[in-house]
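Below you'll find the structure, written out as structure tokens, and then a few comments.
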2 protein chains.
Amino acid sequence: MTSLNKITDFRRPVAINLANRTAASACDDCGARRHGLCDALSDDEVGFLFRAAQRQTLPAGTVFIEEGEPAAYFYNVNSGNVRLFKSLPDGRRQITGFAGPGHFLGLAATEKNVFSAETMEPVRLCRFSRAAMLSMFAEYPILERKLLDVAMHELVISQQQMLLLGRKTAIERIASFLLSWAERQDVCASGALPKPHSSLTLPLSRTDLADYLGLTIETVSRSLSNLKREGLIEIPNIHEVVLLRPQALSDIAEAAV
Amino acid sequence: MTSLNKITDFRRPVAINLANRTAASACDDCGARRHGLCDALSDDEVGFLFRAAQRQTLPAGTVFIEEGEPAAYFYNVNSGNVRLFKSLPDGRRQITGFAGPGHFLGLAATEKNVFSAETMEPVRLCRFSRAAMLSMFAEYPILERKLLDVAMHELVISQQQMLLLGRKTAIERIASFLLSWAERQDVCASGALPKPHSSLTLPLSRTDLADYLGLTIETVSRSLSNLKREGLIEIPNIHEVVLLRPQALSDIAEAAV
DNA sequence: CGTGACATTGACTAGTATCAACCAAAGTGG
DNA sequence: CCACTTTGGTTGATACTAGTCAATGTCACG
């Protein structure tokens, strides 16, 4: 079914040497194989990507895209989480989003990067040069279609976030975040509320949360404490939150009247 | 300017096709013919679009896309300006952007509209059904690529706006807005500041401005007054602002240290 | 067991929202 | 043509949310 022989006949580009693995099997082990761009592709198509990509493994806290620098590469996250952000000269920071396995980075890139990206934990990713992207588009137009889908989805998220940042109160922002994060984690049915007592893991620090929601860490902490005091959530530990009354959270998040 | 410039170059020699003369000449008069999607197309291609489109003329204040309603159509603005926004049940509103001639609407659409659109003045637009869009994509894949560019540019804008809404003070938001609006108006070289005394027209009410910048009309008014008092701007009348010291405005907008 | 990083809580402040008065321009109708 | 109303904008007084500054708490780690 797949033309593995042909694929492995070709010489691989530099990057990390994956020794005696074939492209397809290497990608099979990848956290992104069934997500995002790669999910749109067949095994031999993904093999093409594999050969076009340079694979990288980065330690936590690495800034691998820097706002203002020439935008040389596109990235696809294989494992680990990444924060995307913009900064002001005086240090104020706004996190514009998070990217996990399968997420494609570089959509909002012009000649210069317009945002920065930093690993939140050890991260593996595939890196593509501009030229590689070109040839991939030429070879597999479906990628373009897929990227358009991704971009449109990003736009939807962005607009939600603009509403949150521009018009919601602190407690509403926290409630909104908890619900959206639960959805992201559960991949539950669209629109459905997470079931009560569903526990979610926050790989984010309070600082990240604050910079994502346009608040300070103190306000984030206080808001979470309020929700706890009101019995809407439980906080077993710093990186875990249990949603006790998702409906009540939703009422707060959407400012139900 | 737009993101994938190097990848997507749509300029083509203009070829007059007699078969589509009607369409081509009709579109020639259109404010959008040399912008956005239509700019990517030759005359006969645009003729195809012309036949696929339903043309509408709407009075000021018409909400023609409503958040939550089934997303049946895509739109291309021909003349006039449109505001895009999201609302909370209690009436709070966040304007997520404005669309003028040549702007394509519907990028952030899933099955349901995720935002609303309202005409700010009399508006003419081309309306496409979902089916029409699909057939257009099939016929002219270049459209998809162009849409990707548009979407990517929108993403860049969105991220800037998130930084503004999440982290900037009132006065910084106003300064940022004035500069970006001047750029939009002048279509000046990227990064260049508008020259002093360049006058800009704001077709927006203070309410629109407030809902776009995540402020109240009072704060907008006060911030403008402050800038006037400090001699950075002049306000000949409600809908006109003269930038006296763009550099000073820029220092405020970007929080220069 | 001490140290440092991160989180929570408290006291106070600042910036923006709210409420209200006032103003100017643009209708509207006698 | 001129009062009267309406609409949108500005300005002032006050309230309140979230920010700032500071002390305390918690946990992981050497």
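Hydrogens, waters and symmetry mates are skipped; everything else that's a heavy atom, side chains included, is used. What you see is a predicted model; the values in this text were computed from it and never measured. Numbers restart at 1 for each chain; the letters A, B, ... are given by sequence-line order, proteins then strands.
A straight line from CD1 of B/I217 to P of D/dT11 spans 13 Å, rounded to a whole angstrom. Rounded to whole Å, atom P of D/dG19 lies 12 Å from atom CZ of A/R92. Nucleotide C/dC6 holds its C1' atom 9 Å from the NE2 atom of A/H239, rounded to whole Å. What separates CG of A/L204 from C1' of C/dC6 is a distance of 14 Å, to the nearest Å. In this structure, CZ of B/R206 is placed 19 Å from P of D/dT7, rounded to the nearest angstrom. Regarding A/L224, its CG atom lies at a distance of 14 Å from the C1' atom of C/dC6, rounded to whole Å. Rounded to whole Å, atom P of D/dT11 lies 7 Å from atom CZ of B/R229. As a whole-Å value, the separation of B/E218 CD from D/dG12 P is 14 Å.
Donor-acceptor pairing under 3.5 Å is lacking for the side chains of B/N113 and B/E66.
Residue B/I238 places its side chain closer to D/dG9 than to any other of D/dG19, D/dG9, C/dA7. For B/S221, taking side-chain heavy atoms from C-beta onward, the closest of the listed nucleotides D/dT11, C/dT16, C/dT8 is D/dT11.
Checked by distance alone, A/R222 brings a side-chain donor or acceptor within 3.5 Å of a matching partner on the base of C/dG10.
For C/dT18, the OP1/OP2 oxygens have no side-chain nitrogen or oxygen of B/T216 closer than 4.0 Å. Within the 4.0 Å cut-off from OP1 or OP2 of C/dC6, not a single side-chain nitrogen or oxygen of A/T207 is found. Remark: B/T219 is in phosphate contact with C/dA17, judged by side-chain N or O atoms under 4.0 Å from OP1 or OP2.
Separating the CD atom in B/Q160 from the CD atom in A/Q94 is a distance of 13.0 Å, to the nearest 0.5 Å. From A/T207, atom OG1 reaches atom CZ of A/R83 across 9.0 Å, with rounding to the nearest 0.5 Å.
Here A/F98 and A/W181 bring their ring centres to under 6.0 angstrom of each other.
The residue among A/K228 and A/R167 whose nearest nucleotide of DNA chain C lies closer to the 5′ end is A/K228.
None of A/K86, A/R93, A/R92 except one satisfies the salt bridge (charged side-chain N to carboxylate O under 4.0 Å, His left out) rule with A/D211; the exception is A/R93.
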